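Reading through the structure tokens given below for one structure.
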Amino acid sequence: MENLKNAHTFSLNASCRSIKTVSTLADLPVNEILHQPYLFLGEGSNTVFVEDYAGFVYINALNGIEVTNNTTHVYLRVGAGENWHKLVSFCLKNGWFGMENLALIPGSVGACPIQNIGAYGLEVDKFIHSVEFISLESGEKAILNKADCLFGYRDSIFKKELMGKVLITHVNFEIPKDNVLETSYGELAALHNPTPLSIYSKVIEIRKNKLPDPNETGNAGSFFKNPIITHERFSLLQLKFPDMPYYVLDNGNVKVPAAWLLDVLKFKGRAFGGVQCHPKQPLVLVNTGRATGDEVLSFAKLIVHDVHEKFGIKLEPEVRLIGKDGLIEL
Ligand code: EPU
């Protein structure tokens, strides 16, 4: 058995059968994988091991960045094991703009399409051209174009039909040379004459100020997704909670900030054993140092229960919760 504490940023004490690093495709034991319970990890920044996991863990460390370009676009073919923030910084340094809004998001490039990472008005699918992977059933290489990745809010085909069936090897990005900066998010809209560098610096400043650094305090970023409800339901809720912030989506549904719901319920700073709702951003649960998986599950269930009781809204985890036999639901 091997300890997973250092393999996931929530840093719970949990074990698995073994941890193997996959640095080249030759390291990938496709046939072996098929006959055993297994899980792939990047940097473990969105996965919480709430129990000892009975399977094998493989860390995707396929690296490398290839750059090509034409008159209108820059194309990057990036190995799944590259660090996400390093890629954003690399692009900025080279004058390929657009991804600055996603600076400092923890995790690897291979993980970014799975939940379509997003922050400060931007989701990564805007720049994804295609995703390359290996089918773990056939061992064959394959590629999916953006439209076939079925990207949505913190969602993609890799969380649905293809979950657990593929290993993402490369993500292909397409960055327009005349990209327009995304400054719709409040604190970015306030920037005077925004530049890619000022957006990058501001995003880093906001994140450092508001979000706990997983290198210092165990956490996996937002623990829950922002719930999306129908307009009818929202209108009824708004009568009861006129201050509720909201964001109307293109399809008419309404996204409500889960952080606000938790704030109203006074979860901010509240602790349950070794787990705490972060005092500056309640949507982030942190490990104060001695949290157990049971405490994480119990606290998360309490939050889901209280939000449902007060607002009639069912929160869903944004993180991947792993128990003895793999993915578990709350
Ligand atoms: N709010 C409160 N109280 C708080 C904090 C926030 O009421 O203490 C309300 C405010 O109305 C605020 C709103 O919640 O305007 C939204 O807060 P914030 O801008 O901090 O963003 P979020 O919706 O809570 C999402 C992402 C974050 C991303 C930020 C910034 C999800 C689940 N989370 O959080 O992503 O960094 O937007 O764009 O969509 C992550 O996915 O791990 C993550 C950290």
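For ligands, and for the atoms within them, numbers begin at 1 and follow the listed sequence. Because the structure is a prediction, the values reported are computed rather than measured. Here, residue 1 is the first one in the sequence, and each next residue gets the next number.
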ask   = Any idea which part of P245 is under 4.0 Å from ligand 1, heavy-atom wise: side chain, backbone, both or neither?
value = side chain
key: Proximity of F224 to ligand 1 by residue part, where a heavy atom lies under 4.0 Å   = backbone
Proximal atoms of ligand 1 relative to P282 (non-hydrogen, under 4.0 Å) = 4 (C), 8 (O)
note = Residue, atom and distance of the protein heavy atom nearest atom 38 (O) of ligand 1 read Y120 N, 2.6 Å
task = Name the option, out of Q281, K280, H278, E123, that contains the heavy atom nearest to atom 17 (O) of ligand 1.
result = Q281
message = Checking a contact table here: which protein heavy atom is nearest atom 39 (O) of ligand 1, and how many Å away?
response = Y153 OH, 2.7 Å
remark   = The protein heavy atom nearest to atom 25 (C) of ligand 1 is N226 ND2, 4.2 Å
task = Using heavy-atom distances, let me know which of P227, P257, S45 sits nearest atom 16 (C) of ligand 1.
result = P257
remark   = Logged contact type for K268 with ligand 1, heavy-atom cut-off 4.0 Å, is side chain
message = Can you give me the closest heavy-atom contact between I175 and F97, atom names plus distance?
response = CG2-O, 3.3 Å
query = So between E187, M244, R154, whose heavy atom ends up nearest atom 35 (O) of ligand 1?
reply = R154
task = Mark whether atom 11 (O) of ligand 1 lies under 4.0 angstrom from at least one protein heavy atom.
result = yes
ask   = What residue and heavy atom of the protein are closest to atom 28 (C) of ligand 1, and at what distance?
value = A119 CB, 3.9 Å
ask   = Can you tell me the protein heavy atom closest to atom 18 (P) of ligand 1 and the distance?
value = Y185 OH, 3.8 Å
message = Protein heavy atoms near atom 30 (C) of ligand 1, is at least one of them under 4.0 angstrom away?
response = yes
query = Are any of the side-chain nitrogens in R154 or E318 under 4.0 Å away from the carboxylate oxygens of its partner?
reply = yes
key: Option whose closest heavy atom lies nearest to atom 5 (C) of ligand 1, chosen from G221, A259, G269   = A259
ask   = Salt bridge check: are K146 and E174 linked by an N-O gap of less than 4.0 Å?
value = no
query = About how many Å separate SG of C149 and CD1 of I128, when rounded to the nearest 0.5 Å?
reply = 7.0 Å
query = Is the shortest side-chain N to carboxylate O distance from D155 to K225 below 4.0 Å?
reply = no
L62 to I168 - nearest heavy-atom pair and separation = CD1-O, 4.4 Å
ask   = What about the rings of F10 and F49, do their centers lie closer together than 6.0 Å?
value = no
message = So that I know where these two stand, are F56 and Y38 an aromatic pair - ring centroids less than 6.0 Å apart?
response = no
remark   = For D263, the ligand 1 atoms with a heavy-atom partner under 4.0 Å come out as 2 (C), 3 (N), 4 (C), 7 (O), 8 (O)
query = What's the shortest heavy-atom distance between G164 and L136, and which atoms?
reply = O-CD1, 4.0 Å
query = Do you see a protein non-hydrogen atom under 4.0 Å from atom 42 (O) of ligand 1?
reply = yes
message = Could you check whether any heavy atom of Q115 sits closer than 4.0 Å to an atom of ligand 1, since that is the contact criterion I want to use?
response = no
key: Any V254 side-chain heavy atom under 4.5 Å of L249 side chain   = no
inquiry  = Would K225 count as being in polar contact with ligand 1, using the rule that some N or O on each side must be under 3.5 angstrom apart?
reply    = no
task = For S138 and S135, test the side chains for any donor-to-acceptor distance below 3.5 angstrom and give the result as yes or no.
result = yes
query = So, for F234 and Y246, is the gap between ring centers shorter than 6.0 Å?
reply = yes
request  = Find all atoms of ligand 1 within a distance of less than 4.0 Å from any non-hydrogen atom belonging to R207, and give their numbers and elements.
outcome  = 36 (O)
task = May I ask you to identify, for S222, whether its side chain, its backbone, both or neither come under 4.0 Å of ligand 1 on a heavy-atom basis?
result = both
ask   = When the ring centroid of W96 is compared with that of F90, is the distance short of 6.0 Å?
value = yes
note = Within 4.0 Å of some non-hydrogen atom of K210, the atoms of ligand 1 are 20 (O)
